[in-house]
Asks: 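Structure incoming, see below.
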Amino acid sequence: MHGKATQGQAGTSSRFGTKGPRVVIIGSGVSGILAGVKLLERGWRDFVVLEKAETLGGTWRDNVYPGVACDVPAHVYVYSFAPNPAWKTRYAKGPDIWRYYHDVAKRHGVLDHIEYGKNVVHAGFDGVRWTVQTADGSNYEADVVIGAPGRLRDPKMPDIPGMDSFAGPSFHTARWDTSVSIKGKRVCLIGAGSSGVQILSAVARDVAQITQFQRTPQWVMPVADEAVPWWKRLLFRLRPSVLRRTYRQMLDFSNERGALAFESKQARAARDKMCSDALLRIRDPELRAKLTPDYDVGCKRLVMSETWFEEVQRPNVSIVTEAIERIEPTGVRTKDGVLHECDVLIYATGFDAHAYIRPMRLTGEDGITLDQVWADLPLTYRSVSIPHMPNFFMLNGPSSPGGSASIIGIVETQWDYIAQLLDRIAADGVLIAPREESAKAWLETVRERARNSVWSTGGCQSWYLDHTGTPAYDAVSLPQLQASLAAPVMDDFEVRAISTQ
Ligand code: NAP
C-alpha cells in the first residue's frame with residue numbers, strides 16, 4: 001500500500017474504546033508536548049506523559065545558564081498551530097521559551113496528562129501491548145509508545161585528571177547551580193561551543209576575570225538581535241492569519257539559510273564570507289589568530305552571536321588554547337605548566353548526542369532488544385520507527401536532520417508522518433513496525449548523503465559524527481524532509497493484526 005492511511009478518529013476500531021488507543025509518551029519537552037497536543041486534537045485522551053524531572057520541559061528547563069537563548073528566530077521556534085505574536089525580540093531568551101511551551105501545554109490540556117519523577121528504564125512488548133516501567137517501580141500499559149526524550153540531553157563531562165579536587169563550585173552548563181553567584185568572581189570556562197560563547201558574552205562584564213579554555217575555535221555568525229516594535233506586535237495580534245503567516249515564511253526562509261548552504265554554492269560563499277569578515281572585528285591579531293578556525297564553515301554547528309565579538313575582547317577575558325593538564329583545587333593547570341586560578345569552574349563541554357532513547361532499554365517482538373537491533377548503528381526507519389518494535393515511534397530520533405532546520409519544524413513533520421500510521425493502527429487495530437531491510441536501505445541513503453556533507457568533508461571533529469566518524473544526522477532541509485515524509489510507503493512496514501490469543 002502506498003499513500004495516506006485513512007484519517008481515523010478515536011474508536012474507529014472495536015479494539016479501542018472511545019478514548020482511542022492507550023498511549024505512553026516519554027518526555028515532556030518540545031516533542032513530548034507536541035505529541036500530547038496532537039493526540040488530544042484527534043480525540044485520543046487515554047495517554048500519559050512520563051517525565052523524569054519534577055517540572056515540564058527538556059532543553060529549556062535544563063539550560064538556565066546566564067545568556068541562555070535560542071539562536072533560531074523566535075517566531076519560527078514555535079509550533080505552527082500556536083504562533084506567538086508577543087515575542088519582544090527576534091531571538092527569545094531561554095526562560096521565555098520555557099514559558100511559551102508551558103503555556104501551550106496548559107492551554108491544550110497536556111499538563112493534566114503529565115506524571116513527574118517518572119524515569120523510564122524499560123519498555124517491553126508482549127506481542128499485544130507495551131509495558132513501560134519507571135525507576136520507581138511503576139508500570140504503564142500502552143498500545144502505542146512515543147519516545148520523545150530529546151537528543152542533546154545528557155551532559156558530557158570531560159575526563160580531566162583532578163576534576164573532583166576543585167575547591168570552589170563547579171558544574172556543567174546544563175546543570176547550572178543557580179545558588180552560585182559568579183558576579184565579581186574569577187571564572188574558568190571549559191568549552192567554546194554555542195553554550196560557552198553565550199555564557200562568555202553574557203557574563204564577561206560582570207565577572208572579575210573569565211578564562212575560556214578553547215580546544216578548537218568555532219565559526220561564529222554575527223546575527224544581531226533586535227526588538228520587535230510594539231506596532232508590529234499589535235499588528236500580529238490584530239491580523240493573526242495573514243501577518244503571522246507572512247512573518248513565519250520570512251523567518252522560515254532565513255532559518256533555512258544553513259540548509260541552503262548544503263545545496264547552493266553562492267549561499268555557502270555568502271555565509272562563509274559573513275563569518276570570516278566578522279572575525280576582522282577582533283582587533284588584536286594574536287587573539288584573532290586564536291579564534292580563527294582552520295576548517296570549513298558549517299562543519300561544526302555554527303555559533304550565532306553578535307555580542308561575542310566585543311565581549312571576547314574585554315581586558316578581563318583570556319582565551320587559553322594550551323591543552324589542559326589537570327584540574328587543581330584553585331584552578332586549571334595547562335600543559336605549559338601555567339595554573340589559571342579561578343573561584344568557579346564551568347564545563348561548557350556539550351552533550352552525548354548519540355544516546356537517543358538509551359539508557360532506557362527496549363524489548364520488542366520475540367524478545368529482540370534495542371541493543372541487538374542497534375548493535376552496529378542506531379537503526380531506524382526514517383528516524384521515527386525501529387525494526388522489531390511495533391507501534392513504537394520516536395520524535396527527533398536517530399538520523400533526524402540537525403543544524404539544517406528548526407527542530408520544531410522537524411518534529412512537526414515527523415509527527416504528521418507518525419499520525420498517518422496511528423490512523424491505521426486505530427482504524428484496523430494493527431501492529432506496525434518497519435521492515436529491517438527497509439530501515440537498512442533508508443539508513444544507508446541518509447549516511448551516504450551525510451558523508452557528502454560539510455559535516456563530514458569540512459575537516460573538523462564535532463558531535464554530528466558518530467563512533468564511525470560518519471555524521472549521524474540527515475543533511476536535508478525542512479522542505480526536503482517534508483517531501484520525504486509526506487506519506488508512508490506501507491510496503492516498507494510489516495503490518496499485522498493484533499492477536500489476543
Ligand atoms: P558543544 O558545541 O559540543 O561544545 C563543547 C565544547 O567543549 C567544545 O568547544 C569542545 O571542544 C569543548 N570540550 C569538550 N571536551 C573538552 C575537553 N575534554 N577539554 C577541552 N575542551 C573540551 O556543546 P554546547 O556548546 O553545549 O552546544 C551543543 C549544541 O547545543 C550546539 O551545537 C547547539 O546545537 C545546541 N545549543 C544551541 C543553542 C542555541 O542558541 N540554539 C545554545 C546552546 C547550545 P572541541 O570543539 O575541540 O570538541
Side-chain angles (χ1 to χ4, degrees), residues 30 58-60 62-74 76-77 89-94 96-97 150-163 171-176 188-202 211-221 223 225 255 258 290-291 293-295 298-308 319-327 332-335 340 345-354 396 400-408 410 455 458-465 471-473:
V30 166
T59 295
W60 305 107
D62 291 345
N63 288 275
V64 293
Y65 57 76
V68 63
C70 184
D71 58 20
V72 174
V76 178
Y77 203 80
T89 49
R90 184 175 167 84
Y91 296 99
K93 308 279 175 285
D96 295 332
I97 299 171
R151 195 139 165 197
L152 297 177
R153 175 195 68 210
D154 299 326
K156 196 167 80 187
M157 291 297 275
D159 187 13
I160 303 172
M163 282 169 60
F171 39 82
H172 188 274
T173 50
R175 297 290 179 272
W176 195 268
C188 285
L189 175 64
I190 300 178
S194 302
S195 305
V197 164
Q198 280 186 341
I199 290 169
L200 184 138
S201 307
T211 307
Q212 186 173 43
F213 298 85
Q214 175 202 273
R215 193 164 63 180
T216 315
Q218 288 261 168
W219 285 110
V220 181
M221 187 188 255
V223 285
D225 201 359
N255 189 41
K290 279 184 182 178
L291 298 174
D294 63 357
Y295 53 84
C299 182
K300 282 173 177 284
R301 204 276 198 179
L302 259 185
V303 174
M304 320 271 184
S305 180
E306 175 64 27
T307 52
W308 175 78
I319 300 296
V320 173
T321 53
E322 189 70 25
I324 297 170
E325 171 85 29
R326 61 178 179 272
I327 309 287
V332 178
R333 192 173 296 275
T334 40
K335 290 217 192 283
H340 304 270
L345 172 57
I346 297 162
Y347 295 99
T349 46
F351 299 86
D352 174 4
H354 305 282
N396 197 18
S400 289
S404 51
S406 160
I407 189 65
I408 316 305
I410 292 169
W455 301 329
C460 75
Q461 286 295 317
S462 79
W463 55 261
Y464 289 135
L465 306 180
Y473 291 79

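Whatever order the structure lists them in is the order used to number ligands and atoms, beginning at 1.
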Asks: Between Trp463 and Phe351 (judged by ring centroids, cut-off 6.0 Å), do the two rings come close enough to count as a pair?
Replies: no

Asks: Does a side-chain N-to-carboxylate-O contact under 4.0 Å join Asp71 and Arg90?
Replies: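 Salt bridge between Asp71 and Arg90, a charged N being under 4.0 Å from a carboxylate O: no.
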
Asks: Can you name the closest pair of heavy atoms from Pro217 and Tyr295 and give their distance?
Replies: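 It is O-OH, 2.5 Å.
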
Asks: For Tyr473 and Arg151, does a side-chain donor sit closer than 3.5 Å to a side-chain acceptor?
Replies: yes

Asks: With a 4.0 angstrom cut-off on heavy atoms, strictly below it, pick out the residues next to ligand 1 and order them by chain and number.
Replies: Tyr65, Ala69, Cys70, Asp71, Leu152, Pro158, Ile190, Gly191, Ala192, Gly193, Ser194, Ser195, Gln198, Arg215, Thr216, Lys300, Arg301, Ala348, Thr349, Gly350, Phe351, Trp463

Asks: How many angstroms lie between SG in Cys70 and CD1 in Ile407, if you round to the nearest 0.5 Å?
Replies: 10.5 Å

Asks: Between atom CD1 of Ile319 and atom CD of Gln212, what is the distance when rounded to the nearest 0.5 Å?
Replies: 4.5 Å

